[in-house]
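Accompanying notes for the structure given below.
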Amino acid sequence: MQIAQVIVDVPTRQTNSSYSYLIPNELSDQIKLGMRVVVPFGKRHITGFVVGIDNSTEFNGKLKEIISLIDLIPQLNSELLKLSDWLASETYSFKINCLQTMLPGSLHVKTKKVIKALSSEVVEKYPKIFNGNNEIEYNSDQLSTEDISIILDLQKQNKVSVNYELLQNAKPMMINVIKNKLSNEELKSKVNEIRKNAVSQLKLLDLLQSNPNQELIVSKVIKMGITMDAINNFVKKGWLDKYLVQKQRNPFASKAKKTTPFSLNKSQQNAVDHIVKSIENKSDTTFLLEGVTGSGKTEVYLQSIDFALKSGKTALLLVPEITLTPQIVERIRGRFGNEVALQHSSLSDGERFDEWQRINSGQAKVVVGVRSAIFAPLENVGLIIIDEEHDSSYKQGENPRYQTREVAKWRGKYNHCPVVLGSATPSLETRARAHKGLYKLLSLPTRINNQALPEVSIVDMKEEITTHSGGISSALQVAIRKRIDRNEQVILMLNRRGYSNFIMCRDCGFVPQCPNCDITLTTHKDTHTLNCHYCGHRESIPDKCSNCGSKRMRTFGMGSQKLEEEVKNLYPDARVLRMDVDTTRKKGMHEKIINQFGNHEADILVGTQMIAKGLDFPNVTLVGVLNADSALAFPDFRSSERTFELLTQVAGRSGRADKKGEVIIQTYNPDHYAIQLSKIQDYELFYKTEMRVRHLGNYPPYYYTIKLTASSKIETQTMQTMFSVFNFLKKRLSSKAIILGPTPKLITRVNNRYYYQIIIKYQNEPNLKDTLNQLLNGSQKKGKNDIQFSIDNDPIDFM
DNA sequence: ATGATTCATCCA
DNA sequence: GGATGAATCATA
């Protein structure tokens, strides 16, 4: 008898290893590694992943049998199963969470418990429980304790049955088809059996004769004027078969126009040559492709992918969420056609499910997608590319908190293939590794067509504030006017959504705060509410101060909504579009705004940082940054890096075609190095300067970091837990490890929970993993006290 | 996670 | 002493 090792869908410390199950004979031919199964677990039926199939087991107790298979083909290959182990260990997460993270969310399957009444008597006797239904879902938090005991009683008396059903989100799309069972000669002879006035049947007979041995889609047949009755009639007579087949959804509205490779300049060619050689030699080199904005990195990607495909391999191209625009997707599809599969949050569940199946079945050879696409079930990977590798969306914010770059390197090693990290402003870690020779540096120092980088000027807002009350400096106002008169386009970035930052009472200085979080509420004028951007709390804008009763409540600061209003006032002749979280919440709006602006249906695009990256509008000759300091203001070691990166990226949106671009940066810190260096757009100098700062502060890339966070509803309890964690770490780690904290988080209270953190900075701590795992094991016991504890390896920030 | 079991506490 | 609810345990 064969035995399967199953990781069950119970995300806890104690169940974080595989359980052995007998494979019943009828499943032994079908069951494969990486399939999902339903197994008995205690009294319940739950789902799990098959991660091993053996002839024996370490487990000495009595084995149970697998109940059923969920999949017909494995959803995860052996590479991904192995990767999940590494991922669990690296991110201190449960294996089941890692396995599930690798599948598109729509594939997550849960079991649900269903109580079925065996007689109508029971249903009538307990209307409160059954509510007239024969079957109800058993949900212990929705049922009262008495109801639960009644149900248990009924179960003992055999008056109800308990069943488990699979709860599945995305299913393959099935359509009805019919297929001829008879030969054409036989069909001809059947004409006599049909009444002469049965028009529909005669038509169907004709249709079948002209389409021998073909599957015909029922809905289309009906559109031709043939009735369902006619079809059913033929089925009954045994003349044709009617059955369901799977149809693949197509997320692409139209066929992409075929594009041909561009010719490369010298440095692009050099980059492609290196990458190609590495694919050929099966070397797992990591490349840093450092190219200024507009230097043609995408073409390098495409030609390298092309080589991988021609060598019979597959390729992965990852892009940040916001840069996965129709623009780039079209370009890739134009080159590789139907071999491309897309994995993106803008797809519907069904579309994503089908795209995943196309990858899993080997139909798609190139996967383009966001962070989670790094887990695409490709076989024989020949190349992995991460575009804009510095982008913060490559780090997952919840468990498993993985860094996509590191997963990419793991898959590169496993597949013996190169990994290409591309950016105009690489992360310091990546650039430093290239400097040390761990990564191979490939640079693209010039823009294609040798366009000059845009001219950047800085406006000191400290001088400005006395002359202008609005957020747009006079220099920027003049520059915008010039573009409108010339019929060119302008992008204005303001890194703050909403209308204004906050409202304050002019008389007593009172500022409305969120009742659940330690944060000021933000004004939203369209909904006339004060919103909390952390917990979602909303309240209406008060007409008088709730502290002193004064009616002099005024707005302060500026958000994207207010900027849009101001721009419209200043330039009544200009057409203005706004793009931020609020205007793009609806599906497809992001694309719509981009297309409208691209078609020059608007002159000015106002937006938050989501307009900073990847967009390519040839007619944009001016970019204005309204508050360059917003990222600098965060008390975080990466704030300079983020500021420099954001300014450089947004500046790169200007002057991408033949017209020269201009960039105006407004700031209150004109002398800060991140701002000064983005003026001259010198990444290398920024890198050197910032490395000195990091060195002095013992920050990455000189030190590795780990962030520990605890939260609970009682502040003192959170604090005490963290102090004991601190003491434990102090004892176990070497004296060289730097342990910061515990400190309250920047926003200590969110949704009425108090958050405290400890940061560990270290260079070499062989004990660390073991120590942290012990902490996790210990934290489980305290879990009942409502303390949540989490570990973030290589956090994106210290906030 | 959740159903089963043990433990602790309260009141008769 | 027995009922009740909370903490703890096991799940193959």
Can a salt bridge be assigned to the pair [X] and [Y] using a cut-off of 4.0 Å between side-chain N and carboxylate O?
{"X": "A:Lys82", "Y": "A:Glu79", "value": "no"}
{"X": "A:Lys707", "Y": "A:Asp797", "value": "yes"}
{"X": "A:Arg36", "Y": "A:Asp71", "value": "yes"}

Which listed nucleotide (C:dA12, B:dG3, B:dA1) is nearest to the side chain of A:Tyr138?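 Out of C:dA12, B:dG3, B:dA1, the nucleotide with an atom closest to A:Tyr138's side chain is B:dG3.
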Closest to side chain of A:Phe41, choosing from B:dG3, C:dA12, C:dA10: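 Within the option list, the nearest is C:dA12.
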Taking atom [atom2] of [N] as reference, at what distance in whole Å does atom [atom1] of [X] sit?
{"X": "A:Phe94", "N": "B:dA1", "atom1": "CZ", "atom2": "C1'", "result": "11 Å"}
{"X": "A:His45", "N": "B:dA1", "atom1": "NE2", "atom2": "P", "result": "20 Å"}
{"X": "A:Arg13", "N": "B:dT2", "atom1": "CZ", "atom2": "C1'", "result": "19 Å"}
{"X": "A:Lys43", "N": "C:dC9", "atom1": "NZ", "atom2": "P", "result": "21 Å"}
{"X": "A:Asp9", "N": "B:dT2", "atom1": "CG", "atom2": "P", "result": "10 Å"}
{"X": "A:Ile151", "N": "B:dG3", "atom1": "CD1", "atom2": "C1'", "result": "15 Å"}
{"X": "A:Asn16", "N": "C:dA10", "atom1": "CG", "atom2": "P", "result": "17 Å"}
{"X": "A:Asn777", "N": "C:dC9", "atom1": "CG", "atom2": "P", "result": "14 Å"}

Stacking here means centres under 5.5 Å and planes under 30°; does A:Tyr19 stack on C:dA12?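 So no, this residue does not stack on that base, at least one cut-off failing.
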A:Lys113 near the nucleic acid: base, sugar-phosphate alone, or nothing, with a heavy-atom cut-off under 4.0 Å?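 Sugar-phosphate, backbone atoms only, no base.
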For the OH atom on A:Tyr534, are there more than 12 heavy atoms of other groups (residues, nucleotides or ligands in this structure) within a distance under 6.0 Å?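 No, not enclosed.
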For C:dA12, does either OP1 or OP2 sit under 4.0 Å from a side-chain N or O belonging to A:Lys64?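 Affirmative; the distance criterion is met.
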